[in-house]
Protein chains: 2
Amino acid sequence: MKKTILVFGLIVLALLLLFKISKHTYLSGDFSIEIIIAFIALVFFFIGLFISKKQPKHTSGTKEVNHKKIKELNLSKREYQVLCEIAMGLSNKEIADKLFVSESTVKTHVSNILIKLNAKRRTQAIQISKELQILPF
Amino acid sequence: MKKTILVFGLIVLALLLLFKISKHTYLSGDFSIEIIIAFIALVFFFIGLFISKKQPKHTSGTKEVNHKKIKELNLSKREYQVLCEIAMGLSNKEIADKLFVSESTVKTHVSNILIKLNAKRRTQAIQISKELQILPF
DNA sequence: ATTTATCTCATACTAAAGTACCAAAATTCT
DNA sequence: AGAATTTTGGTACTTTAGTATGAGATAAAT
């Protein structure tokens with residue numbers, strides 16, 4: 001927090017200085033007004049870049065889900081649910097209990113998921129899903 | 001891609017227009033130079049913000065790794081390597097080939113990893129590792 | 001130099017995961 | 001209503017994952 005205040009203070013100071021300098025430079029006629037404006041624009045452009053780089057943290061734990069990709073992969077609603085539970089580290093049995101279906105059902109879902117994601121294992125399915133930003137975490 | 005080009009084209013056009021307007025406005029003496037400069041600065045500041053917001057997705061292909069947690073968990077160097085390969089979706093055999101060891105060795109490493117991470121399965125180990133921000137991706 | 005921790009590998013076993021194939025309900029679409 | 005899709009679940013089988021135990025080899029610390 002202290003650091004942030006300090007940085008902002010310095011930035012404000014630097015800007016005020018910049019204004020003074022630019023005005024003085026213009027009045028003294030060393031440069032044309034276009035160049036000064038371009039310079040100012042450039043400086044503020046990079047300040048904008050810097051500021052937003054400083055707070056790259058995501059809004060929260062929930063990421064954006066790429067629903068388009070899910071449809072492209074022909075993942076059904078149920079299959080997607082199972083995929084999410086896989087990514088949470090649950091076993092087939094645990095998923096079956098959570099979704100109130102038999103383990104056989106979960107297995108068929110998993111097989112279909114692996115085919116659609118072109119994965120050999122559930123761990124690879126997790127990796128691919130993260131790559132495609134399909135998972136909500 | 002087309003979209004990006006279009007947006008950039010529009011931005012360049014807008015900026016050229018802005019320059020013309022600002023110069024004309026200044027010459028006509030409607031506003032002082034300070035206000036014009038401030039306006040330009042503001043516009044470019046937000047352009048900077050906008051640009052860097054547009055590509056925040058792949059800025060961090062590599063995340064920060066919590067080395068402290070790794071030591072707290074008593075994960076050895078080799079175990080950590082295996083853990084990373086697990087998270088990449090590799091099978092025990094594939095990990096063994098990649099690290100030039102036998103599958104047995106990988107299995108013992110995996111077992112130790114599961115104990116240390118307090119996980120029942122490798123998928124859960126992945127989930128926990130992500131939670132603890134141990135993985136470099 | 002001797003303990004300590006890590007890395008290695010083996011065997012034998014159990015458990016879970018995954019495949020292949022089939023088929024009956026339940027939904028959704030037309 | 002009829003067709004297509006999804007969901008469900010079963011059997012039988014193969015493969016991979018994981019446990020338990022032991023033990024030799026290596027490297028690092030005291």
Side-chain angles (χ1 to χ4, degrees), chain A residues 65-132 134-135, chain B residues 65-132 134-135:
Chain A
V65 177
N66 195 338
H67 296 282
K68 207 190 296 175
K69 275 269 164 53
I70 295 175
K71 282 185 181 173
E72 278 178 23
L73 295 166
N74 284 311
L75 279 175
S76 74
K77 196 190 294 182
R78 207 59 164 167
E79 286 164 354
Y80 178 67
Q81 287 177 7
V82 172
L83 176 59
C84 291
E85 302 301 338
I86 288 174
M88 289 299 292
L90 300 192
S91 70
N92 289 339
K93 187 76 191 67
E94 287 171 340
I95 297 173
D97 291 345
K98 193 166 182 177
L99 301 183
F100 302 105
V101 294
S102 79
E103 191 181 346
S104 299
T105 304
V106 176
K107 281 190 176 184
T108 56
H109 283 319
V110 172
S111 280
N112 292 329
I113 292 170
L114 295 183
I115 292 171
K116 293 180 180 179
L117 286 182
N118 196 28
K120 292 173 189 165
R121 287 163 290 283
R122 52 172 48 209
T123 51
Q124 200 179 357
I126 295 174
Q127 206 275 326
I128 293 172
S129 300
K130 271 186 284 181
E131 204 88 356
L132 300 177
I134 279 176
L135 299 175
Chain B
V65 178
N66 196 337
H67 296 283
K68 205 189 299 175
K69 276 268 165 54
I70 296 174
K71 282 185 181 173
E72 278 178 24
L73 295 166
N74 283 312
L75 278 175
S76 74
K77 197 193 291 182
R78 207 58 163 167
E79 285 164 356
Y80 178 67
Q81 285 178 8
V82 172
L83 176 60
C84 290
E85 302 302 339
I86 288 175
M88 288 300 291
L90 301 191
S91 70
N92 289 338
K93 187 76 190 66
E94 288 171 338
I95 297 173
D97 291 346
K98 193 165 183 179
L99 300 183
F100 302 107
V101 294
S102 79
E103 192 181 346
S104 299
T105 304
V106 176
K107 280 190 179 184
T108 56
H109 283 319
V110 172
S111 279
N112 292 329
I113 291 170
L114 295 183
I115 292 172
K116 293 181 181 179
L117 286 182
N118 196 28
K120 291 173 190 165
R121 285 162 291 282
R122 51 169 52 209
T123 51
Q124 199 180 358
I126 295 174
Q127 207 274 326
I128 292 172
S129 300
K130 271 186 284 180
E131 204 89 355
L132 300 177
I134 279 178
L135 299 174

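Computation of the quantities below employed the complete heavy-atom set of this structure, encompassing side-chain atoms and omitting hydrogens, waters and symmetry-equivalent molecules. Order of the sequence lines sets the chain letters (A, B, ...), proteins ahead of strands, with each chain counted from 1.
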If you define the side chain from C-beta out and look only at heavy atoms, does anything of [X] sit under 4.5 Å from [Y]?
X         : Y         : value
Glu79(A)  : Asn74(A)  : no
Met88(B)  : Lys98(B)  : no
Val110(A) : Ile95(A)  : no
Val82(B)  : Asn92(B)  : no
Val101(B) : Arg78(B)  : yes
Ile126(A) : Lys130(B) : yes

To the nearest angstrom, how far is [X] atom [atom1] from [N] atom [atom2]?
X         : N       : atom1 : atom2 : answer
Arg78(B)  : dC7(C)  : CZ    : C1'   : 8 Å
Glu79(A)  : dT7(D)  : CD    : P     : 6 Å
Ile95(A)  : dT7(D)  : CD1   : C1'   : 16 Å
Leu99(A)  : dT6(D)  : CG    : C1'   : 15 Å
Tyr80(A)  : dT7(D)  : OH    : P     : 14 Å
Leu83(A)  : dT7(D)  : CG    : P     : 13 Å
Gln124(A) : dA17(C) : CD    : P     : 17 Å

Given the rule in the side chain to side chain contact (heavy atoms under 4.5 Å, CB included) test, do Glu103(A) and Lys107(A) qualify, once you have shown the distances and angles that lead to the verdict? CA-CA 6 Å; Glu103(A) 191 181 346; Lys107(A) 281 190 176 184; 4.0 Å; yes
Listed by chain and number, what are the side chain to side chain donor-acceptor pair (under 3.5 Å) partners of Asn66(B), not counting sequence neighbours? none
What's the verdict on side chain to side chain contact (heavy atoms under 4.5 Å, CB included) for Gln124(A) and Glu94(B), showing C-alpha distance, side-chain angles and the deciding distance? CA-CA 12 Å; Gln124(A) 200 179 357; Glu94(B) 288 171 338; over 6 Å; no
For [N], take OP1 and OP2 only and decide whether either is under 4.0 Å from a side-chain N or O of [X].
X         : N      : result
Ser76(A)  : dT5(D) : no
His109(B) : dC7(C) : no
Thr105(B) : dC9(C) : yes

Per-nucleotide protein contact along nucleotides 14-30 of chain D, 5' to 3', at a 4.0 Å heavy-atom cut-off (B base, S sugar-phosphate only, - neither), is ---BBB-----------
Which nucleotide wins on minimum distance to the side chain of Ser104(B), given the candidates dG9(D), dT7(D), dA10(C)?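 So the nucleotide nearest the side chain must be dA10(C).
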Rounded to 10 degrees, the angle between the two terminal axes of the helix from dA1(C)-dT30(D) to dT30(C)-dA1(D), each from five pairs: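 The angle separating the two end axes equals 70°.
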